[in-house]
Amino acid sequence: MDVSELLDGLNDKQRDAVAAPLQNMLVLAGAGSGKTRVLVHRIAWLMQVEHASPYSIFAVTFTNKAAKEMRSRVEETISTSAGGMWIGTFHGLSHRILRAHHREANLPEAFQILDSDDQQRMIKRLLKAMNIDDKKWPPKQVSWYISAKKDEGLRPKDIKAYDMNEQMFLNIYTAYQDACDRAGLVDFAEILLRCYELLNTQPTLLRHYQQRFPHMLVDEFQDTNTIQYAWLKLLAGSGGNVMIVGDDDQSIYGWRGAKIENIRRFLSDFNAQTIRLEQNYRSTSTILKAANALIANNSERMGKSLWTDGNEGEPISIYAAYNELDEARFIVGKIRSWLNAGNALQDSAILYRNNAQSRILEEALLQEGLKYRIYGGMRFFERQEIKDALSYLRLIGNRQDDAAFERIINTPTRGIGDRTLSLVRDCARNESLPLWYAAKALIEQKHLTGRAASAITAFVNLIEQIEENIQELNLEEQAKYTINTSGLMAMYQAEKGEKGRARVENLEELINACGQFELPEEEEFASPLTGFLSYTALESGEGQAEEHEDAVQMMTLHSAKGLEFPLVFMAGVEEGMFPSQQSNEESGRLEEERRLCYVGMTRAMEKLYISHAETRRLYGQEKYHSPSRFLREIPEQCIEEIRIKTQVTRPQASNRFSSTMSHAAFEDTGFNLGQRVLHTKFGEGTVLNYEGTGAQSRIQVAFDDVGTKWLVTAYARLQSI
DNA sequence: AACGCCAATTTTTTT
DNA sequence: AATTGGCGTT
């Protein structure tokens, strides 16, 4: 590709970023401003103009999806393979370094990765062993504590406990780390911390990487946490060509340790130039105006204002639903009209604050016969049956893996009960042995009696026999053999119902995935099996069953980041839901909620609907929510409120008045517009019954008492609900 | 080991 | 409301 082609079709700011001289740079990239494009073209520019070798390029993202997209777009742009380039996630790249230097990192060659579920189970077992009440110190909270500390780069020795309570957390952290180290296991946060420590303590190694990668690029920088920042800084060394791309207004992972301040830190630590990408190629000017106004309510911003030379588009429609069913009905009705107008279903998305909201929406879509796809939730490699199977493979690859041992020792049931198991655990703890070797020792020393002994022996033999018999097989055959021989397949085949059938299918899919798996050539693994196991942990399998069917896209606001849709619905935009109950003024999380709202709004390309329900069933109780404060922060001229706006006429010198049902909100419901009703009482709270239609509205606000006209805003109340 | 009952618990999520 | 986990019973 010609150099000038790299700059073609870019705006001035994008060009400044792509063609900048070698320097540290912050690209403050607003939503929809073409940041991926800039990153990709910058990489191509480095290669073609600065003559950078692909081996010198290091690009970091947060998700596998983003990494994959970047790689394929780079390859598309430079028209050759991007092999040799390191493009990956923080965890993926750190993991790669750890594999290559596992000895220096004090890890066994076949070390494995704990996901958060494994981590919690591990902690739970530990609490039991340490005789700690898991009601007082819930495993979930403990794992949260440990991860948070690791994200801060803190080992137990670096932490001073403030009180007895924290001291307990600290003790568990210490014990947990000890257990992981002995079992050859690393959790997600450990991957980053361990890699950081490795580089920090091995100057030769660090220099090697620093020299190899003079060109670094980082995406979504606003989501970096403390350890990720430190890791980057270490790798960048004194080199002066780091490009970070981010948007402080889209920082929505503070609750997970992301530090928005890292952007400012980067500016001073790296003495970096700032380039702002503010031209938006996604949304209508109305949507941008609204989003800009909303986010302006946040303080401490880097400052940025999106603009477009595109159309004004339609106003943002705000629908005040009577309850969540009405809300769902409204959304589905609008999607139906959108579809009937000749649009594609997959171009519409429903966004919500929490996953629990999806159910009602689903039901409404189902009723209307509209296909939908829900993002998030249980991923492929996180499923119970898959984790069972993987645990067999893990234990075969590494006998020290206590987490895997615990999971499968009695799955399927083979007569190893709690009594026997606690003997094994005690022995393991007393002798500082992995559970596997403790079990073997107990058999050898004849500490186990008849039935328990034979059950354990059978298990030990099973694992050893599997290992022996799969030596000559390829990965797919290994998995197949293991799943069948272990009895897992038979166990799930015996499980009745839809669930059992699905699980068997998943196990088959796992075998299939093993066949499809290509071991990354450039990376160093003890065996293909180890490589596959790492892959399953780091890439939990979102793309496993990705069907590109035409369906309504449903997801939380968080998972919508980075995506765009012509038609977007934001549901449940109510106080207590969004901003959520726990992010009130005191918690200091309001600004992050506002950013989340900003993220949601800027997903919409053409039309945005925002809805809130007056009444909502939440945790089995009726809750009354007022519209979200965020709605008031949107300029009125960007908004069209869809409500039953009833115009009321008051005859002179009379208490009687009539009102007319006159709003589009009823269009899709089959009610008759223009229906009139007579009343004698009028005021806040008066219920208007539209006879024969089953519709009601309740007067919410009465104002403008001018002459014979009252302007009244009333909410719809549908009797069918 | 399978079943059933009771109690607790409810943001957001990637790796 | 609905799901999950723990515990006791068969």
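So you know, we letter chains A, B, ... as the sequences are listed, proteins then strands, and number each from 1.
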Does a side-chain N or O from [X] land closer than 4.0 Å to OP1 or OP2 of [N], or not?
X: Asn225(A); N: dT14(B); result: no
X: Asn355(A); N: dT12(B); result: yes
X: Ser559(A); N: dT12(B); result: no

Taking the P atom in each of dT11(B) and dT4(C), what is the distance between them to the nearest angstrom?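 Rounded to whole Å, the distance is 13 Å.
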Send over the distance from [X] [atom1] to [N] [atom2], rounded to a whole Å.
X: Phe221(A); N: dT14(B); atom1: CZ; atom2: P; result: 21 Å
X: Trp144(A); N: dT10(B); atom1: CH2; atom2: P; result: 14 Å
X: Lys135(A); N: dA7(B); atom1: NZ; atom2: C1'; result: 9 Å
X: Phe62(A); N: dT15(B); atom1: CZ; atom2: C1'; result: 10 Å
X: Asn354(A); N: dT13(B); atom1: CG; atom2: P; result: 9 Å
X: His558(A); N: dT12(B); atom1: NE2; atom2: C1'; result: 4 Å
X: Leu596(A); N: dT12(B); atom1: CG; atom2: P; result: 11 Å
X: Glu539(A); N: dT13(B); atom1: CD; atom2: P; result: 18 Å

Need one value for [X]: base, sugar-phosphate or nothing, where a base atom within 4.0 Å counts as base even if backbone is also close, heavy atoms only.
X: Gly417(A); answer: nothing
X: Lys140(A); answer: nothing
X: Asp187(A); answer: nothing
X: Arg595(A); answer: nothing
X: Ser116(A); answer: base
X: Glu593(A); answer: base
X: Asp115(A); answer: nothing
X: Tyr253(A); answer: sugar-phosphate
X: Ser580(A); answer: base

Could you report the tightest heavy-atom contact between Ala105(A) and Arg194(A), atom names first, then the distance?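 Scanning both residues, the minimum pair turns out to be O-NH1, 2.7 Å.
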With a 4.5 Å cut-off on side-chain heavy atoms, are Phe381(A) and Leu510(A) touching? yes
Give a yes or no on whether a salt bridge exists between [X] and [Y], defined as a side-chain N under 4.0 angstrom from a carboxylate O.
X: Glu592(A); Y: Arg595(A); answer: yes
X: Arg629(A); Y: Glu633(A); answer: no
X: Arg359(A); Y: Glu362(A); answer: no

Within 6.0 Å of CZ in Arg451(A), more than 12 heavy atoms from elsewhere: no
Boundaries of the chain A footprint along DNA chain C (any atom under 4.0 Å from a heavy atom):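 Here the contact window of chain A covers dA1(C) to dG6(C).
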Ignoring hydrogens and angles, answer whether the base of dT14(B) and the side-chain atoms of Arg256(A) contain a donor-acceptor pair closer than 3.5 Å.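 Yes.
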Can you tell me which nucleotide in dT15(B), dA1(B), dT11(B) comes closest to the side chain of Thr413(A)?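 Nearest to the side chain of Thr413(A) among the choices is dA1(B).
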Of the listed nucleotides (dT12(B), dT13(B), dT10(B)), which one gets closest to any side-chain atom of Tyr619(A)?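 Taking heavy atoms from C-beta onward, the closest nucleotide is dT10(B).
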For the atom pair CG (Asp219(A)) and CE (Met70(A)), what is the distance rounded to the nearest 0.5 Å? 5.0 Å
Kindly say whether the aromatic ring centers of Tyr229(A) and Trp231(A) come within a distance under 6.0 Å.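 Not under 6.0 Å, so no.
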May I ask whether Trp255(A) stacks on the base of dT12(B), given the cut-offs of 5.5 Å between ring centres and 30° between planes?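 Given the distance and angle limits, yes, they stack.
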Side chain of Thr602(A), backbone of Val599(A): donor and acceptor closer than 3.5 Å? yes
